[in-house]
Amino acid sequence: MAFNAWLSKIIDELVISQRVEVVRALDLGERIAIDAEKFRGVILNLLENALQAFDANQQGRISIETPAEEDRRKISTSDTGQGILEANMKKIFEPLFSTKTFGVGLGLLICEQIVCRHGG
């Protein structure tokens with residue numbers, strides 16, 4: 001699959017507030033072999049978590065990068081949201097851990113498992 005086109009399509013499907021700018025730096029134009037549906041879930045989970053971290057009136061930015069690396073493929077996301085408290089960093093991949101009032105606390109755990117199965 002042409003990775004950058006696939007990733008761009010997923011980003012375009014998100015409902016993003018006008019107060020949030022999405023910056024793309026996509027360099028992986030080559031075709032790569034991944035489970036597209038599972039990785040779609042990873043990307044959506046990460047981006048939706050980032051969007052949910054912004055306060056209702058907060059301006060912000062989400063950056064998505066796919067820097068070209070010699071022997072590996074990399075997807076990097078960052079945002080200007082409120083961030084994760086240091087005390088919670090060790091817990092974010094624990095089953096049922098969540099700081100939200102909704103959801104079941106499995107999203108990041110599932111993302112981690114999918115990425116690990118792909119060698120990440």
For Thr66 and Asn4: C-alpha separation, side-chain torsions, deciding distance, then whether side chain to side chain donor-acceptor pair (under 3.5 Å) applies. CA-CA 8 Å; Thr66 58; Asn4 285 340; 3.3 Å; yes
Group every Ile, Leu, Val, Met, Phe, Trp and Tyr by side-chain heavy-atom contacts under 4.5 Å, then state whether Leu14 and Leu7 land in the same group. yes
Test item: Asn49 and Lys100 side chains (from C-beta on) under 4.5 Å apart, heavy atoms: yes
Co-membership, hydrophobic cluster, residues Val104 and Phe93, 4.5 Å side-chain: yes
Walk me through whether Leu47 and Ile16 qualify under side-chain contact (heavy atoms from CB on, under 4.5 Å). CA-CA 10 Å; Leu47 296 178; Ile16 300 174; over 6 Å; no
Judged by atom type as modelled, is there a donor-acceptor pair below 3.5 Å linking the side chain of Gln58 to the main-chain atoms of Thr80? yes
If every non-hydrogen atom of Gly105 is compared with every non-hydrogen atom of Ser98, which pair is closest and at what distance? CA-CB, 4.0 Å
For the hydrophobic clusters of this structure (ILVMFWY residues joined by side-chain heavy atoms under 4.5 Å, transitively), does one cluster hold both Leu106 and Val115? yes
Student check: side-chain heavy atoms of Arg24 and Ile11 closer than 4.5 Å: yes
Restricting to non-hydrogen atoms, name the atom on Asp79 and the atom on Phe54 that form the minimum distance, rounded to 0.1 Å. CB-CZ, 4.2 Å
For the backbone of Ala33 and the side chain of His118, can you confirm whether one donor and one acceptor N or O come within less than 3.5 Å of each other? no
Leu85 CG to Thr99 OG1 distance, which is reported to the nearest 0.5 Å: 8.0 Å
Minimal non-hydrogen separation, Pro95 against Leu109, with atom names: CG-CD2, 3.8 Å
Pairing of Arg40 and Glu13 as salt bridge, 4.0 angstrom limit: yes
CG (Leu44) and CG (Leu51) are apart, to the nearest 0.5 Å, by 10.5 Å
Note: Asp27-Lys74 ion pair, threshold 4.0 Å (strictly below): no
Would you say Leu108 and Phe97 make side-chain contact, with heavy atoms under 4.5 Å? no
What I'd like to find out is whether the side chain of Leu26 reaches to under 4.5 Å of the side chain of Phe3, using heavy atoms alone. no
Over 12 non-hydrogen atoms of neighbours within 6.0 angstrom of CZ in Arg61: no
Minimum heavy-atom distance between Cys111 and Gly41, given as atom pair plus value: SG-O, 4.5 Å
Side chains of Val22 and Ile64: closer than 4.5 Å at any heavy-atom pair? yes
Taking Lys91's backbone N and O only, do any of them form a donor-acceptor pair with Asn88's side chain (distance below 3.5 Å, no angle check)? no
